[in-house]
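Structure first, commentary second.
Worth knowing before you read on, the calculation uses all heavy atoms, side chains too, and leaves out hydrogens, waters and symmetry mates. Residue numbers begin at 1 in each chain, while the letters A, B, ... track the order of the sequences.
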Amino acid sequence: MAGLTGIYNKLLARFGEQFWWPVTTGNSTLEIIIGAVLTQNTAWSNVEKAIGNLSREKMISIERMRSIGEKKLASMIKPSGYYNQKARKLKNVVEYLENNPLRQLAKMDVKQLRKSLLGVNGIGPETADSIILYALEKPSFVVDMYTKRIFFRIGLIDKNQGYEEVKQFFESGLPKDVNVYKEYHALIVELAKNFCKKKPLCESCPLEKNCEKRM
DNA sequence: CGCCAGGGCCTCA
DNA sequence: TGAGGCCATGGC
């Protein structure tokens, strides 16, 4: 029965380092934040198209994002889906970033930073943790649908455990290390995409031996 | 064709 | 405070 670290090592051995988060333009921090919003319940391939549109129009900038109309912004991010909602969310986020510059956010501790981010309409728990971990590079474990699915099937968490509870489970069982958190989440996504799909492919799954296969 | 994807907000008990 | 409805495109 491997613990969280044992599972991490197995995934790392199988998939190798993931080097998340994929960044395509120069202003990587802002791009990561925008991507974190656009990827909400959306395949990353669609997010890439939307970010490609924004990048082509030099929109990866606080000033440009502030000046563009919401309708126009929505049309540019159309491939990522939910484009009306997401355009409004992005507007909220850049307004927040204007009032709370990155250099200021960088000084905050994770707890207050998280609380602050969650105050923005459009940033929920997973998006907040993604921004803290991948954009600001502070240790805050990201829990997503994949995380819950995999660790429920393995038998380490229960269906009724909420976001904060699952997050605590990981953070209390792992070294408080930004790179470990980053890599672990990336490896979880990789496992979910390749094996632990909604309809699981258990054969040759790296965690096959210590999985309870609950459904 | 139907299913699904790196959620979050709003509403209504 | 928790479940349910809603948002939407593109890949397979």
### Message
Going by side-chain hydrogen bond (donor to acceptor under 3.5 Å, both in side chains), name the residues that satisfy it together with Asn84(A), two or more places apart in sequence or in a different chain.
### Response
none
### Task
Rounded off to whole Å, could you give me the NZ-to-P distance for the Lys167(A) and dG7(B) pair?
16 Å
### Spacing of Leu38(A) atom CG relative to dG8(B) atom C1', expressed in whole Å
14 Å
### Between C1' of dG7(B) and CG of Leu90(A), the distance in whole Å
14 Å
## Note on the structure
Rounded to whole Å, CD of Glu48(A) lies from P of dG10(C) at a distance of 14 Å
### Message
Using atom P in both nucleotides, what's the gap between dA8(C) and dC10(B) to the nearest angstrom?
### Response
14 Å
### Query
Considering only dA8(C), dG11(C), dT9(C), which nucleotide approaches the side chain of Gln85(A) most closely?
dA8(C)
### Carboxylate-amine/guanidinium contact Lys213(A) Glu208(A), below 4.0 Å
yes
### Message
I want to confirm an ordering. Mapping Ile123(A) and Ser45(A) to their closest nucleotides on DNA chain B, which one lands closer to the 5' end?
### Response
Ser45(A)
### Task
Using a 4.0 Å heavy-atom cut-off across all strands, classify Glu126(A) as base, sugar-phosphate, or nothing.
sugar-phosphate
Check the interface with nucleotides 10-12 of chain B: list each N/O to N/O pair with the protein under 3.5 Å, or write none.
residue: dC10(B); atom: OP1; partner: Asn121(A); partner atom: ND2; Å: 3.2

### Message
Categorize Val120(A) for me: base, sugar-phosphate, or nothing, with a 4.0 angstrom heavy-atom threshold over every strand shown.
### Response
sugar-phosphate
### Task
For Tyr83(A) and dG10(C), give me the distance from atom OH to atom C1', rounded to whole Å.
13 Å
### Task
Scan Thr127(A) against the nucleic acid and name what it touches under 4.0 Å (heavy atoms): base, sugar-phosphate only, or nothing.
sugar-phosphate
### Query
Is it true that Arg114(A) and Asp109(A) make a salt bridge, defined as a side-chain N closer than 4.0 Å to a carboxylate O?
no
### Query
So does Lys182(A) pair up with Glu137(A), basic N to acidic O under 4.0 Å?
yes
### Query
With sequence neighbours left out, what residues match Phe170(A) under side chain to side chain contact (heavy atoms under 4.5 Å, CB included)?
Leu4(A), Phe141(A), Thr147(A), Phe151(A), Val166(A), Leu174(A), Tyr184(A), Ile188(A)
### Query
To the nearest angstrom, how far is Asn160(A) atom CG from dT1(C) atom P?
16 Å
#### Entry: Carboxylate-amine/guanidinium proximity below 4.0 Å for Glu171(A) and Lys176(A)
no
What's touching nucleotides 2-5 of chain B from the protein side, N or O pairs under 3.5 Å?
residue: dA5(B); atom: OP1; partner: Arg149(A); partner atom: NH1; Å: 3.2
residue: dA5(B); atom: O3'; partner: Tyr146(A); partner atom: OH; Å: 3.4

### Query
Restricting to pairs with a member in residues 79-130 of chain A, which pass ring-ring contact (aromatic ring centres under 6.0 Å, His included), not counting sequence neighbours?
none
### Query
Is it true that atom CD of Glu203(A) has more than 12 heavy atoms of other residues, nucleotides or ligands lying nearer than 6.0 Å?
no
### Task
Could you tell me whether Gly124(A) contacts a base, only the sugar-phosphate backbone, or nothing, with contacts defined as non-hydrogen atoms closer than 4.0 Å?
sugar-phosphate
### Task
For DNA chain C, produce a single dot-bracket line, 5' to 3'. Pairs: Watson-Crick or G-U wobble, both distances under 3.5 Å. Symbols: ( ) within strand, [ ] crossing, | other strand, . unpaired.
|||||||.||||
#### Entry: N or O in side chain of Lys86(A) less than 4.0 angstrom from dT9(C) OP1/OP2
no
### Query
Given atom CG of Leu117(A) and atom P of dG7(B), what is their separation to the nearest angstrom?
18 Å
### Summary
Glu165(A) CD to dG2(C) P, in whole Å, measures 10 Å
